[in-house]
Visitor: 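Below is a structure I'd like to ask you about.
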Amino acid sequence: MENSQNNQISLIQMKKSVEKLGSSTENFGDPTLMRFLVARSMDPAKAAKMFVQWHKWRAAFVPLGLIPDSEVPDELEARKIFLQGLSKQGYPVMIVKGSKHYPSKDQPQFKKFVVHLLDKTIASSFKEREIGNEKLIGVLDLQQLSYKNIDARGLITGFQFLQAYYPERLAKCYLLNMPWFFVSVWRMVSRFLEKATLEKIVIVSNEDEKKQFIAEIGEEALPQEYGGRAKLVALQDVVLTPQSEH
């Protein structure tokens with residue numbers, strides 16, 4: 001009860017701080033604002049600053065409210081991202097096949113693609129409309145990875161977007177089939193990740209960890225090649241029903 005009251009006080013303070021910064025929380029529910037508070041250790045002023053930066057970025061970078069397929073054709077053509085339905089806890093499961101990815105020659109399109117895939121993955125868990133506290137599970141499969149597929153810059157961009165613009169959206173990220181030569185790459189990428197992000201990353205490296213990975217996500221959402229019963233579904237083949245306005 002006390003915790004709930006503290007949260008309400010923090011939310012009120014955050015809303016006032018957002019107004020002082022010349023912005024507004026009018027169209028956003030408390031679950032959305034709470035994500036920013038949690039990401040900034042319940043500090044209303046820091047959460048307000050993060051929210052305002054996100055709001056400005058979103059208006060400039062995603063003016064339509066979404067990035068359509070037509071703006072990211074090269075990235076979609078690789079068919080490297082798969083959207084697998086919901087985990088046992090109700091989180092959408094997104095799988096990235098690293099062996100189908102090559103460093104982008106078009107960084108602006110790649111950044112749009114990061115937003116496209118994160119937005120679509122999160123939206124796939126909406127019931128009738130967005131609540132604001134939805135999370136996702138990422139699975140990065142490094143099976144058959146070659147040196148040509150290594151893209152430290154792309155990984156850093158993806159995680160930095162998650163941290164700056166999708167606070168508290170990541171439930172967990174699993175890394176599967178990591179080859180020995182990727183260990184040093186991951187070590188470098190890790191330096192750019194916040195402690196809270198690193199704590200959500202699980203490197204699956206033995207049979208026990210694989211069993212736990214299957215148990216946590218559930219066989220219904222996992223494709224057969226990962227120990228589940230589902231089929232792989234490419235991101236662009238998933239059609240989402242339009243959401244009602246909130």
Side-chain angles (χ1 to χ4, degrees), residues 29 31-32 34-36 38-39 66 76 79-101 113-143 145 155 158-159 161-163 165-178 186 189-190 193-243 246:
T32 295
M34 273 304 297
R35 287 193 292 107
F36 288 87
V38 171
L66 62 102
L76 283 172
R79 294 181 80 84
K80 58 190 170 186
I81 310 284
F82 301 87
L83 193 48
Q84 292 304 129
L86 305 182
S87 73
K88 279 183 179 175
Q89 289 178 287
Y91 303 139
V93 179
M94 177 191 69
I95 296 174
V96 183
K97 281 196 172 276
S99 63
K100 293 189 171 192
H101 172 80
F113 184 61
V114 170
V115 172
H116 172 84
L117 70 90
L118 290 175
D119 280 0
K120 190 166 181 178
T121 300
I122 292 161
S124 72
S125 70
F126 297 166
K127 300 293 185 283
E128 289 178 9
R129 61 186 181 86
E130 180 178 1
I131 303 297
N133 59 359
E134 296 87 355
K135 294 177 185 280
L136 65 95
I137 289 175
V139 179
L140 178 52
D141 180 9
L142 303 169
Q143 184 83 35
L145 198 77
L155 264 176
F159 277 110
F161 269 50
L162 258 176
Q163 290 175 165
Y165 306 128
Y166 296 83
E168 293 301 306
R169 286 296 203 188
L170 184 66
K172 252 183 187 168
C173 178
Y174 296 92
L175 270 59
L176 308 182
N177 306 309
M178 188 187 285
W186 181 248
V189 170
S190 298
L193 307 189
E194 295 167 4
K195 185 169 174 279
T197 304
L198 283 169
E199 285 170 356
K200 293 170 185 172
I201 292 167
V202 180
I203 297 171
V204 178
S205 55
N206 60 44
E207 279 306 308
D208 284 347
E209 287 169 353
K210 191 178 178 187
K211 280 177 190 167
Q212 195 174 345
F213 159 72
I214 295 167
E216 283 181 15
I217 291 182
E219 292 181 14
E220 297 300 318
L222 270 182
Q224 291 164 350
E225 64 189 272
Y226 302 108
R229 294 198 294 269
K231 285 189 167 67
L232 270 174
V233 184
L235 180 72
Q236 57 265 55
D237 295 342
V238 176
V239 179
L240 302 181
T241 50
Q243 303 302 313
H246 54 134

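Counting from 1, the numbers follow the sequence of the chain as shown.
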Visitor: Kindly indicate, with the supporting measurements, whether the criterion side chain to side chain contact (heavy atoms under 4.5 Å, CB included) is fulfilled by Ile201 and Trp186.
Guide: CA-CA 11 Å; Ile201 292 167; Trp186 181 248; 3.7 Å; yes
Visitor: Do Leu198 and Ser190 touch side chain to side chain, with heavy atoms closer than 4.5 Å?
Guide: yes
Visitor: Could you please spell out the steps behind the side chain to side chain contact (heavy atoms under 4.5 Å, CB included) verdict for Val139 and Gln84?
Guide: CA-CA 11 Å; Val139 179; Gln84 292 304 129; over 6 Å; no
Visitor: Applying salt bridge (charged side-chain N to carboxylate O under 4.0 Å, His left out), can you list everything that pairs with Glu194, at least two apart in sequence or on another chain?
Guide: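 Salt bridge (charged side-chain N to carboxylate O under 4.0 Å, His left out) list for Glu194, sorted by chain: empty.
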Visitor: Determine the sole option in Leu142, Leu140, Leu175 for which the side chain to side chain contact (heavy atoms under 4.5 Å, CB included) test with Ile203 is passed.
Guide: Leu175
Visitor: One pair to check against side chain to side chain contact (heavy atoms under 4.5 Å, CB included): Leu136 and Tyr166. What are the steps and the verdict?
Guide: CA-CA 10 Å; Leu136 65 95; Tyr166 296 83; over 6 Å; no
Visitor: Flag the pair Asn133 / Met34 as yes when at least one side-chain heavy-atom distance between them is below 4.5 Å, and no otherwise.
Guide: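 No; the side chains remain at least 4.5 Å from each other.
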Visitor: Just verifying a value: how many Å separate Leu170 CG and Lys200 NZ, rounded to the nearest 0.5 Å?
Guide: 5.5 Å
Visitor: Return a table of donor-acceptor pairs under 3.5 angstrom between the side chains of residues 92-100 and protein atoms on other chains or two or more places apart.
Guide:
residue	atom	partner	partner atom	Å
Lys97	NZ	Glu225	OE1	2.7
Lys97	NZ	Tyr226	OH	3.2

Visitor: Less than 4.5 Å apart, side chain to side chain, heavy atoms only: is that true for Ser125 and Leu86?
Guide: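 Counting from C-beta outward, Ser125 and Leu86 do come under 4.5 Å.
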Visitor: For a side chain to side chain contact (heavy atoms under 4.5 Å, CB included) check, start with the C-alpha distance between Val115 and Phe161, then their side-chain angles and the critical distance, and finish with the verdict.
Guide: CA-CA 8 Å; Val115 172; Phe161 269 50; 3.7 Å; yes
Visitor: Between Glu134 (side chain only) and Gly132 (backbone N and O only), is there a donor and an acceptor less than 3.5 Å apart?
Guide: yes
Visitor: Side chain of Lys120, backbone of Val238: donor and acceptor closer than 3.5 Å?
Guide: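 Yes, Lys120 side chain to Val238 backbone: donor-acceptor pair under 3.5 Å.
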Visitor: So, using salt bridge (charged side-chain N to carboxylate O under 4.0 Å, His left out) as the criterion, who are the partners of Asp237 when residues are at least two apart?
Guide: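 With sequence neighbours excluded, Asp237 shows a salt bridge (charged side-chain N to carboxylate O under 4.0 Å, His left out) to Arg79, given in chain and number order.
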Visitor: Check Leu235 against His116 and note the closest heavy-atom contact, atom names and distance.
Guide: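 Nearest heavy atoms, Leu235 then His116: CD2-CD2, 3.7 Å.
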Visitor: Quick one: closest heavy-atom pair of Ile214 and Leu222, and the distance?
Guide: CA-CD1, 3.8 Å
Visitor: Rounded to the nearest 0.5 Å, what separation is found between the CD atom of Gln143 and the CG atom of Leu176?
Guide: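 CG of Leu176 is found 9.0 Å from CD of Gln143.
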Visitor: How would you list, by chain and number, every residue that makes a salt bridge (charged side-chain N to carboxylate O under 4.0 Å, His left out) with Arg35, sequence neighbours excluded?
Guide: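 Once residues adjacent in sequence are excluded, Arg35 has no partner under the salt bridge (charged side-chain N to carboxylate O under 4.0 Å, His left out) criterion.
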Visitor: In the structure I gave you, are the side-chain heavy atoms of Leu118 and Arg169 within less than 4.5 Å of one another anywhere?
Guide: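 The answer is no; the side chains never approach within 4.5 Å.
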Visitor: State which residues pass side chain to side chain contact (heavy atoms under 4.5 Å, CB included) with Ala171; sequence neighbours excluded, sorted by chain then number.
Guide: Tyr91, Lys135, Ile137
Visitor: Can you sort out the partners of Glu199 under salt bridge (charged side-chain N to carboxylate O under 4.0 Å, His left out), two or more places apart, ordered by chain and number?
Guide: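 Here the qualifying residues are Lys195.
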